Amino acid sequence: MDAIKTEVYNILESAIHAAVAAGELAISEVPTIPFSPTKTPEHGDIATPIALGLAKQARMAPRNIAEIIVKHIDPDAHAIIRQIDIAGAGFINIHLSDNYLYDTLHTIAAMQAAYGTCEKGAGKQVQIEFVSANPTGPLNIVSGRAAAVGDTLVNLLNAIGCNAIREFYVNDAGGQVQRFGESIDDRYRQALGEEGLEIPEGGYQGEYLQAFAQTIVETEGDAYLQLETDERVALFRDKGIAHILTQQRTSLERFGVNFDVWSSEKAIRDSGKPEEIIRVFRENGYLYEAEGATWFRMTDFGDDKDCVVIKSDGEYTYFVPDAAYHRDKFDRGFTTVIDLLGPDHQGHITHLKNFVKGLGMPDDWLEIFIIQQVNLVNAEGNRLDMSKRRGQFYTLDTLIDELAETVGEQFAVDVARYFFLMRANSSHLDFNMELAITHASENPVFYIQYAHARCCSIFEQGAEQGITPKPIQEVSLKRLSEPMEHELIRKLAEFPSIVLLSAEAREAHRIPHYLHELSGIFHPYYNQHRVLDPADMEKTHARLILIQSVQSVLKNGLTLLGISAPTSM
RNA sequence: GCGCCUGUAGCUCAGUGGAUUAGAGCAUCUGACUACGGAUCAGAAGGCCGGGGGUUCGAAUCCUCUCAGGCGCUCCA
């Protein structure tokens, strides 16, 4: 809660206490006073349904209670309040005096790029693990969505004062990558003319593997045929992983996502932590042997079935290194860990949480969110299959390539990020390629960027006319008296609380919506009111301050999303 | 069968238990400046918020049942 709300809160609280003292309100204790958002200017700047909440306790009609509370507030005694209304069922609507509105502009001018940030999360060490795609193929669209969301969440958490980092967990060990190596081997031998080879069930069939095998043949010939099969497969596996990883990293960088830490499952396995985990589980009685395997008692934690942690062949299932990995995160000192998982990992959530609980870490230490699936829809409205196991799928790079053809590389990234970010994580997302490509110019991201570019353009125009913006201290903000100007300022004032809410709720999509709303006030204002008016320089300078503020907030918001704020388009 | 997600305007989606008229974008229809950038703006039309029941002064929102769609329930990762 910011300073203004705190001040209003105190005024309301003392009014209620005064009413109780005067014997007009029969309540035993004053509850926390809630504020409700005001949707229209008629509802003032701050509204509270407190009278409705007190109705039962006080055994009075909400409207009467509101009247009593308001009676004990003297608007003239508080500079902050311009007017108080009682509306609807008993809402108390508070209109702030213009000076407090203008304070927002002073705050923005003073904080600039830092406007919107706070220190609420100070001291929190947060790690967000996201994308973490298998190193067996190019990144698909869901990974792109996860990349955009994770990257933005880190930005948001850092904005509220946390120390948050981006981490990618590479599944470079286990059965999947083994089969990956085998698939490369098959392709390699195929490329050398061996016939009758078929990619087995569970193998990787993507064309990119044929191309990769072909490259090996072209650069190194058939030398590897001399090796034993196991040796060759292991070698190809490692070569393949390194190749794919580089590719994934390049795609992510192109998408504007740079991970701080790349963790390796293989390294975790080699660290001895899995053995440590097993030891702890065993000591706590969570394990038992059956059917030749070792099982974890998931049912002790309320799940409906137990799960295998050590297979009958002596190998760990992926659960063990994953649990060890989370233990490792804990040991590294993170106070909060957030995992963004793909839609096919739902079953993993309770397992992971139970393991973490079994290792004695706090319940709320690990947060897991599913980034829901993205369905690519083609012109006919048919869904395209994006499975990595199938031959063809749509990659993040292909998406950017196709968008770039019509809107250019930078905007392609911007548009894709915006599309991925504009919906709640839990919402399934239909990505209509035709629409994204052919109607790119009608995309909401352009609307926002255009608003920013327009702001910049005003200053350019001003410069041509010899108008230099004045420092805010020398400007008469009173001249910002149009209703739309007040509406704009109120919207600008919301930004820090939107950032805070968005970060705390891990809901990145609130930022795109906010920016779109802000742009939706700016554009009409721009159309109706001329900023540069040589005949009235006082007004011009006041409006330039407003435009500067809008520009700052748009830029700060877009920056959080990893989307560019162009000065011209 | 069990679990998770989703269901809001023709389409894609926002919506924190609170306000008369449930909001945007796209699509549709009608309009706009000799103007700081028309990638803009003004307006119209479009809704039993999947359905039933419950809690409440008040429910798109909470609870419950139910219907529909998606996904997950491997000694795969």
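Predicted model, so just to flag it, every value in this text is computed and none were measured. Note on naming: letters A, B, ... go to the chains in the order of the sequence lines (proteins, then strands), and numbering restarts at 1 for each one.
- B:C75 and B:U55 are spaced 46 Å apart, taking the P atom of each and rounding to whole Å.
- For A:R510, the side-chain atoms get nearest to B:U16 when compared with the rest of B:U16, B:U12, B:C71.
- With distances taken from any side-chain atom of A:Q176 to the nucleotides B:G18, B:A77, B:C5, the minimum falls on B:A77.
- Look at A:S457 and you'll find a side-chain N or O under 4.0 angstrom from OP1 or OP2 of B:G37.
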- Which dot-bracket string fits RNA chain B when only Watson-Crick or G-U wobble pairs with both atom distances under 3.5 Å count, crossing pairs get [ ], and | stands for a partner on a different strand? (((((((..((((.........)))).(((((.......))))).....(((((.......))))))))))))....
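- Checked against a 6.0 Å centroid threshold, the rings of A:H348 and A:Y318 count as neighbours.
- Distance from the side chain of A:H516 is smallest for B:G25 among the nucleotides B:G25, B:G18, B:G37.
- Contact annotation for A:H345: base contact, defined as any heavy-atom pair under 4.0 Å involving a base atom.
- Residues passing the salt bridge (charged side-chain N to carboxylate O under 4.0 Å, His left out) test with A:E460, sequence neighbours excluded: none.
- Using a 4.0 Å cut-off, no side-chain N or O of A:R543 falls inside it from OP1 or OP2 of B:C36.
- Between A:Q461 and B:G37 there is a side-chain polar atom (N or O) within less than 4.0 angstrom of OP1 or OP2.
- Looking at heavy-atom distances under 4.0 Å, A:A505 makes no contact with the nucleic acid at all.
- Aromatic rings of A:Y325 and A:Y169 (six-membered ring for Trp) have centroids within the 6.0 Å cut-off, being under it.
- Where A:M484 and A:D313 each meet RNA chain B at their nearest nucleotide, the meeting point lying more 5' is that of A:M484.
- The residue A:S312 sits close to a base: some heavy atom pair falls under 4.0 Å.
- Judged by centroid separation below 5.5 Å and plane tilt below 30°, A:F91 does not stack onto the base of B:G18.
- For A:E517, the salt bridge (charged side-chain N to carboxylate O under 4.0 Å, His left out) test picks out A:K491, with sequence neighbours left out.
- Across all strands, A:T350 comes closer than 4.0 Å to no nucleic acid atom at all (heavy-atom distances).
- Residue contacts for A:H529: at a heavy-atom cut-off of 4.0 Å it reaches a base atom on one of the strands shown.
- Checking B:A77, B:C75, B:C73 against the side-chain heavy atoms of A:K305 singles out B:C73 as nearest.
- For A:F168 and A:F130, the gap between ring centers reaches or exceeds 6.0 Å.
- When the side-chain nitrogen and oxygen atoms of A:K311 are compared with OP1 and OP2 of B:U74, none of them lie within a distance under 4.0 Å.
- Checking the phosphate oxygens (OP1, OP2) of B:C41, a side-chain nitrogen or oxygen of A:Y447 falls inside 4.0 Å.
- Nucleic acid contact class of A:L429 (heavy atoms, under 4.0 Å, all strands): sugar-phosphate only.
- The side chain of A:F446 approaches B:A39 more closely than any other nucleotide in the set B:A39, B:G18, B:U16.
- Residue A:R454 is classed as a sugar-phosphate contact, given heavy-atom separations below 4.0 Å to backbone atoms only.
- At the heavy-atom level, A:A453 lies under 4.0 Å from base atoms of the strands shown.
- For the 3.5 Å distance criterion, the side chains of A:D85 and A:Q83 qualify, holding a donor opposite an acceptor.
- Proximity of the aromatic rings of A:F301 and A:Y286 is defined here by a centroid distance below 6.0 angstrom, and this criterion is met.
- For A:H326 and A:F355, the distance between ring centers is not under 6.0 angstrom.
- A:Q346 comes within contact range of at least one nucleobase, with a heavy-atom separation under 4.0 Å.
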